[in-house]
Amino acid sequence: MRSFEEQTACIVEALFDDLLNEDGAHFRSLQTDSGGSVQSEEEPSDFDPVIIASRLRQIGDQCNMDFERISSQILRDVLMGKVEKFGAAVDSLCKRWSDQNPELVYERAFLSVSVKLMMFILKKGAANFNPGHLVKAINENTQVKNYIEARGGWEKLDN
């Protein structure tokens with residue numbers, strides 16, 4: 001069984017690939033002829049990074065922040081290529097969005113904002129964006145990690 005951190009990396013890679021190649025051909029090529037995902041013998045059969053990435057994208061789509069209108073130095077830093085500030089930008093934007101939507105739990109808001117921000121950066125053509133920045137932001141946020149694990153792991157993440 002893969003660790004939470006390894007699963008996060010697989011899921012974010014699938015999401016990143018999907019966003020770059022809207023047809024998703026690269027990750028679909030990892031599937032067997034029978035339609036199931038290729039998995040190691042240790043991996044639970046319900047862990048499919050492509051399906052989980054799709055759920056994560058749906059969570060990101062729930063974020064209705066207009067990044068074009070946000071006046072934030074940290075967001076400008078990320079867009080200007082300082083992608084190491086990605087995690088700080090997500091946290092700042094998440095708090096802003098949570099303040100406007102108090103019914104949202106922080107962890108869901110964090111996932112939603114982080115995915116939406118990655119989508120925004122890619123749409124803006126920031127070629128230097130590495131999916132590892134999103135992986136790191138999720139894996140280093142203990143509160144988000146605990147939230148996902150408390151629900152049964154990535155496989156149980158609902159949209």
Side-chain angles (χ1 to χ4, degrees), residues 1-22 24 27 43-44 46-159:
M1 183 177 205
R2 292 180 182 178
S3 70
F4 177 86
E5 291 76 10
E6 292 168 327
Q7 288 181 340
T8 302
C10 290
I11 294 162
V12 171
E13 285 290 337
L15 175 64
F16 186 73
D17 187 69
D18 182 51
L19 294 171
L20 289 180
N21 309 301
E22 289 293 327
F27 269 83
E43 197 64 41
D46 54 352
F47 180 78
D48 185 334
V50 176
I51 291 171
I52 299 166
S54 175
R55 290 180 197 147
L56 198 54
R57 185 174 185 173
Q58 291 172 354
I59 290 170
D61 288 340
Q62 294 170 1
C63 178
N64 60 2
M65 291 185 83
D66 184 358
F67 294 126
E68 296 281 355
R69 294 182 180 212
I70 293 175
S71 169
S72 162
Q73 182 59 46
I74 200 158
L75 181 57
R76 283 192 293 279
D77 286 347
V78 170
L79 290 174
M80 297 300 292
K82 297 178 183 175
V83 290
E84 70 277 2
K85 302 228 180 197
F86 182 81
V90 169
D91 195 52
S92 172
L93 293 168
C94 176
K95 287 176 183 168
R96 182 183 292 189
W97 194 44
S98 292
D99 288 346
Q100 297 169 357
N101 300 282
E103 72 281 359
L104 286 174
V105 295
Y106 167 81
E107 299 84 357
R108 293 280 297 190
F110 184 92
L111 291 170
S112 186
V113 169
S114 63
V115 171
K116 191 68 160 201
L117 181 57
M118 183 175 86
M119 293 166 69
F120 178 73
I121 292 168
L122 292 173
K123 180 181 167 190
K124 286 293 194 183
N128 61 343
F129 186 80
N130 178 327
H133 298 294
L134 178 55
V135 172
K136 183 178 178 183
I138 293 170
N139 285 340
E140 290 183 353
N141 188 317
T142 307
Q143 195 172 338
V144 172
K145 179 181 176 182
N146 290 342
Y147 171 82
I148 293 167
E149 289 178 332
R151 277 152 186 70
W154 282 111
E155 302 90 333
K156 305 294 183 195
L157 188 68
D158 58 349
N159 49 6

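Bear in mind that the values here come from a model prediction, so they are computed numbers and not experimental data.
Here Cys63 contributes atom SG and Arg108 contributes atom CZ; the two are 12.5 Å apart, rounded to the nearest 0.5 Å. Between atom CD1 of residue Ile148 and atom CD of residue Gln7 there is a gap of 10.0 Å, rounded to the nearest 0.5 Å. Going from atom CZ of Phe110 over to atom SG of Cys94 covers 7.0 Å, rounded to the nearest 0.5 Å. Distance check: Leu19 CG to Lys123 NZ gives 12.5 Å after rounding to the nearest 0.5 Å.
Listed by chain and residue number, nothing satisfies the salt bridge (Lys or Arg N to Asp or Glu O under 4.0 Å) test with Glu103 (two or more places apart in sequence, or in another chain). Among residues two or more places apart in sequence or in another chain, the salt bridge (Lys or Arg N to Asp or Glu O under 4.0 Å) test is passed with Glu5 by Lys145. Asn139 meets the side chain to side chain donor-acceptor pair (under 3.5 Å) test with Thr8; sequence neighbours excluded. For Ala53, the side chain to side chain contact (heavy atoms under 4.5 Å, CB included) test picks out Ile11, Ala14, Leu15, with sequence neighbours left out. With sequence neighbours excluded, the residues forming a side chain to side chain contact (heavy atoms under 4.5 Å, CB included) with Ile70 are Met65, Phe67, Ser72, Leu75, Leu93, Arg96, listed by chain and number. Take Glu140 and apply the side chain to side chain contact (heavy atoms under 4.5 Å, CB included) test, not counting sequence neighbours, and it matches Lys136. In this view, Ser92 and Ile74 satisfy the side chain to side chain contact (heavy atoms under 4.5 Å, CB included) rule, not counting sequence neighbours. Qualifying side chain to side chain donor-acceptor pair (under 3.5 Å) partners for Ser112, counting only residues two or more places apart in sequence or in other chains: none. Looking at residues two or more places apart in sequence or on another chain, you find a salt bridge (Lys or Arg N to Asp or Glu O under 4.0 Å) between Asp66 and Arg69.
For Lys95 and Asp91, the salt-bridge test passes: some basic side-chain N is under 4.0 Å from an acidic carboxylate O.
In this structure, Arg55 and Leu157 approach most closely via the heavy-atom pair CD-O, 3.0 Å. Closest non-hydrogen pair, Glu68 versus Phe120, comes out as OE2-CE1, 3.5 Å. Nearest heavy-atom pair, Phe86 versus Ser114, reported as atom, atom and distance to 0.1 Å: CZ-O, 3.5 Å. Taking all atoms of both residues into account, the shortest heavy-atom contact from Cys10 to Arg2 is SG-NH1, 2.5 Å. Of all heavy-atom pairs between Arg151 and Lys156, the closest is O-CB, 2.9 Å. Annotation for Trp97 and Gln62: closest pair CZ2-O, 3.5 Å, computed over non-hydrogen atoms.
Distance alone, capped at 3.5 Å, is enough to place a donor-acceptor pair between the Asn141 side chain and the Val144 backbone.
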Checklist entry - Could you go step by step and tell me if Val115 and Leu111 meet the side-chain contact (heavy atoms from CB on, under 4.5 Å) rule? => result CA-CA 6 Å; Val115 171; Leu111 291 170; 5.5 Å; no

Item to check | Verdict with reasoning, Asn146 to Glu107, per side-chain contact (heavy atoms from CB on, under 4.5 Å) | outcome: CA-CA 9 Å; Asn146 290 342; Glu107 299 84 357; over 6 Å; no

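Counting heavy atoms from C-beta outward, Phe4 and Ile138 have side chains that approach closer than 4.5 Å. Contact annotation: the side chain of Leu56 never approaches that of Ile52 to less than 4.5 Å [non-hydrogen atoms, C-beta and beyond]. A heavy-atom distance below 4.5 Å is not found between the side chains of His133 and Met118.
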